[in-house]
Peer 1: 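Take a look at the following structure, please.
Side chains are part of it too, since the values below use all heavy atoms of this structure and drop only hydrogens, waters and symmetry mates.
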Amino acid sequence: MSAAPALLAHGVGGRQDLPITLPELVVAAALTLVVTFVALGLLWREPRLDRDAAGGRPVPDRLAGLVDAPAFRWTLRGLGLLAAGWFCVGLLAGPDTPDNPTAGALYVLLWVGLVPAALLFGPVWRAVNPLRTVHLLVARAARREPARGVRELPTGLGLWPAALTLFGFVWLELVAPDRATLPVITAWLAGYAVVMLGGAALFGAGWFDRADPFEVYSALVGQLAPIGRAADGVLVWRNPLDGIAGLRPRPGLVAVVIVLLGSTMFDSLSNAPVWLRFSQENGLPPAVTGSAGLVVVIGVVAVAYLLATGAAARVGRVTPFNAVEPPNAVGPADAAGGAESPRVPRELAHSIVPIAVGYVVAHYYSLLILEGQRTVALLSDPRDTGADWFGTAGWQPHTGLVTPSGVANLQITVIIVGHLLGTLLAHDRALYLFPRARAVAGQLPLLALMVAYTVAGLLLLYAG
């Protein structure tokens, strides 16, 4: 991420930090996926994950009572409003210099920090989203039900608005000219607020669930949290894999996860020397080159995913979803040679989420630790007047958690673990989708996809 001139680099520097050579690493990672796939095929013969999100162990009554208490929910909303107001102090009244914490607060604390927060606590942005709170307060003042709007949300809309707003944010973060300056950030956030509040006025509060990029991002990652809601709304401790397996397939879900994964891959590519040379020598404005590169990388990731899931549906001979048959049944589609369900890409989209999370952690870990500390220090005086409201103005970033070898090992681990979890999730879902006789064969295209993503991700991450 090159959002601000002062932001520190978030890679590990070079191949010399790897415990093994890069070719050896790529081969080892690919073999790990293949061995895992074989082991799953032999040992994991029936679906085990809770795709209906009905299970889990209820949390203690005191904790459930605290989390569900109206006072606690309003406290979180109030904190969200206060944080947004303090952010606006720097945005609207602070200097347009690297000492302004606005860029770091948006690109580091919010965008990157949402991942660890959601992994621990679930969809946190929904609880603190200041625009959702503003809409709620306005609706109550007007004595209107917040969930009701002037019009009903279109049935097939799904998460397509979020896919578009997510692309808009990653374009701002990675491509937009002068993206760390206050006028550019202000213009984007103003447009974001208009779209969110206008959509909520038109369609009701459900618009945030479908269109807010931070809320949808947080909710997707939050499916991997150890705490969540069962189907009946009860707060439970759960297996994180059950949580992500319970992600409901919806229109636009594939687009959202592909934008998340593809944009992180493009960020790695944009730091590679070959891309930097190309951007400087092709004669086009950097924004044009960057926009084209972002679209192309996301497009390649999408095409690979759709080709792999389409091939899996054909090889696995998926029974059409309108057929009333139990999982693993050998139905008419199997006898006829197979029929590709249009829902297969959506059904398997949850397997991409841990892969995307792995890339985000690998790519932004050092940025969050180092630049996050610097941003917190600057937030003590967003107007740069010499004040020290929080007593943190003199903080110096602690670098003990960011060493070249440590970060390199972390990056390798989280990328490979993300792909292993994706392979496991895809395997379990394939046992639901495919007839028993074709369950393993149907996963071969998915294995090829996971290997391709792993190899590409490692090569891009260490290209810089």
Side-chain angles (χ1 to χ4, degrees), residues 29-30 32-56 115 118-119 122 159 217 219-226 228 238-250 253-258 260-261 264 301 304-306 308-313 315-316 318 327-328 341 343-362 413-434 438-454 457:
T32 300
L33 291 180
V34 173
V35 171
T36 301
F37 171 78
V38 173
L40 289 172
L42 293 174
L43 304 175
W44 194 303
R45 308 298 295 273
E46 299 291 339
R48 300 182 184 181
L49 299 180
D50 184 7
R51 69 194 300 265
D52 297 319
V115 172
L119 284 174
L159 295 177
Y217 183 38
L220 276 179
V221 178
Q223 294 287 138
L224 287 164
R238 67 188 182 189
N239 176 358
L241 293 180
D242 284 333
I244 192 64
L247 182 63
R248 186 176 64 183
R250 287 191 286 178
L253 175 61
V254 173
V256 168
V257 297
I258 292 300
L260 289 174
L261 181 58
T264 307
V301 172
Y305 178 79
L306 294 175
T309 53
V315 174
V318 175
N328 289 319
S341 168
R343 289 183 59 185
V344 169
R346 296 182 203 168
E347 288 283 347
L348 293 169
H350 70 299
S351 66
I352 302 299
V353 176
I355 298 175
V357 170
Y359 278 120
V360 169
V361 174
T413 301
V414 295
I415 286 181
I416 294 177
V417 168
H419 284 86
L420 289 176
L421 293 179
T423 301
L424 188 152
L425 291 167
H427 171 80
D428 190 82
R429 184 57 54 87
L431 295 176
Y432 277 105
L433 296 175
F434 303 152
R438 307 293 298 177
V440 173
Q443 295 175 63
L444 290 175
L446 303 177
L447 174 63
L449 176 71
M450 296 298 177
V451 171
Y453 280 170
T454 303

Peer 1: To check you understand the geometry: which heavy-atom pair defines the closest contact between G358 and I415, and what is its length?
Peer 2: O-CG1, 4.3 Å
Peer 1: Taking all non-hydrogen atoms of both residues, which atom of A225 and which atom of G122 are closest, and how far apart?
Peer 2: CB-N, 3.6 Å
Peer 1: Tell me, do V257 and L261 make a side-chain contact under 4.5 Å, heavy atoms counted?
Peer 2: no
Peer 1: Backbone N or O of A448 within a donor-acceptor pair of the Y453 side chain at under 3.5 Å?
Peer 2: no
Peer 1: At what distance, to the nearest 0.5 angstrom, does CD1 of I355 lie from OG1 of T454?
Peer 2: 6.5 Å
Peer 1: If you measure from CZ on R429 to CG on L348, what distance do you get to the nearest 0.5 Å?
Peer 2: 7.0 Å
Peer 1: Keeping the roles fixed (side chain from R48, backbone from D428), state whether a donor-acceptor pair exists under 3.5 Å.
Peer 2: no
Peer 1: Determine whether the aromatic ring centres of Y359 and H419 lie less than 6.0 Å apart.
Peer 2: yes
Peer 1: Can you confirm whether the side chains of Q443 and H427 place a donor and an acceptor under 3.5 Å from each other?
Peer 2: yes
Peer 1: Side-chain contact, heavy-atom cut-off 4.5 Å: L224 with V353?
Peer 2: yes
Peer 1: Is the backbone of L253 close enough, under 3.5 Å, to the side chain of R346 for a donor and an acceptor to pair up by distance?
Peer 2: no
Peer 1: Go through it in stages, so that I can follow the logic: the residues are E347 and R51, the test is salt bridge (charged side-chain N to carboxylate O under 4.0 Å, His left out), and I'd like the CA-CA distance, side-chain angles, deciding distance and then a yes or no.
Peer 2: CA-CA 10 Å; E347 288 283 347; R51 69 194 300 265; 3.0 Å; yes
Peer 1: State, to 0.1 Å, how close L420 and L33 come at their nearest heavy-atom pair, and which atoms those are.
Peer 2: CD2-CD2, 3.6 Å
Peer 1: Are any side-chain N or O atoms of Y217 and backbone N or O atoms of L260, one a donor and one an acceptor, separated by less than 3.5 Å?
Peer 2: no
Peer 1: Would you indicate whether the side-chain heavy atoms of L444 and V315 approach each other to under 4.5 Å?
Peer 2: no
Peer 1: Rounded at 0.5 Å granularity, tell me how far CG in L43 sits from OG1 in T36.
Peer 2: 11.0 Å
Peer 1: Atom CG of L424 and atom CZ of F37: how far apart are they, to the nearest 0.5 Å?
Peer 2: 12.5 Å
Peer 1: Of the non-hydrogen atoms in L446 and A308, which two are nearest, and what is the gap between them?
Peer 2: CD2-O, 4.2 Å
Peer 1: Under the criterion side chain to side chain contact (heavy atoms under 4.5 Å, CB included), I'd like the reasoning laid out for V357 against V115: C-alpha separation, chi angles, the key distance, then a yes or no.
Peer 2: CA-CA 7 Å; V357 170; V115 172; 4.2 Å; yes
Peer 1: Grab the two heavy atoms, one from D242 and one from L49, that are nearest each other, plus how far apart they are.
Peer 2: OD1-CA, 3.3 Å
Peer 1: For Y305 and P345, indicate whether the former's side chain and the latter's backbone hold a donor-acceptor pair under 3.5 Å.
Peer 2: yes
Peer 1: Which heavy atom of I244 sits nearest a heavy atom of L220, and at what distance?
Peer 2: CD1-O, 4.1 Å
Peer 1: Nearest 0.5 angstrom please: R438 CZ to L433 CG, how far?
Peer 2: 14.5 Å
Peer 1: Would Q223 and H350 count as a side chain to side chain contact (heavy atoms under 4.5 Å, CB included) here? Give the steps.
Peer 2: CA-CA 9 Å; Q223 294 287 138; H350 70 299; over 6 Å; no
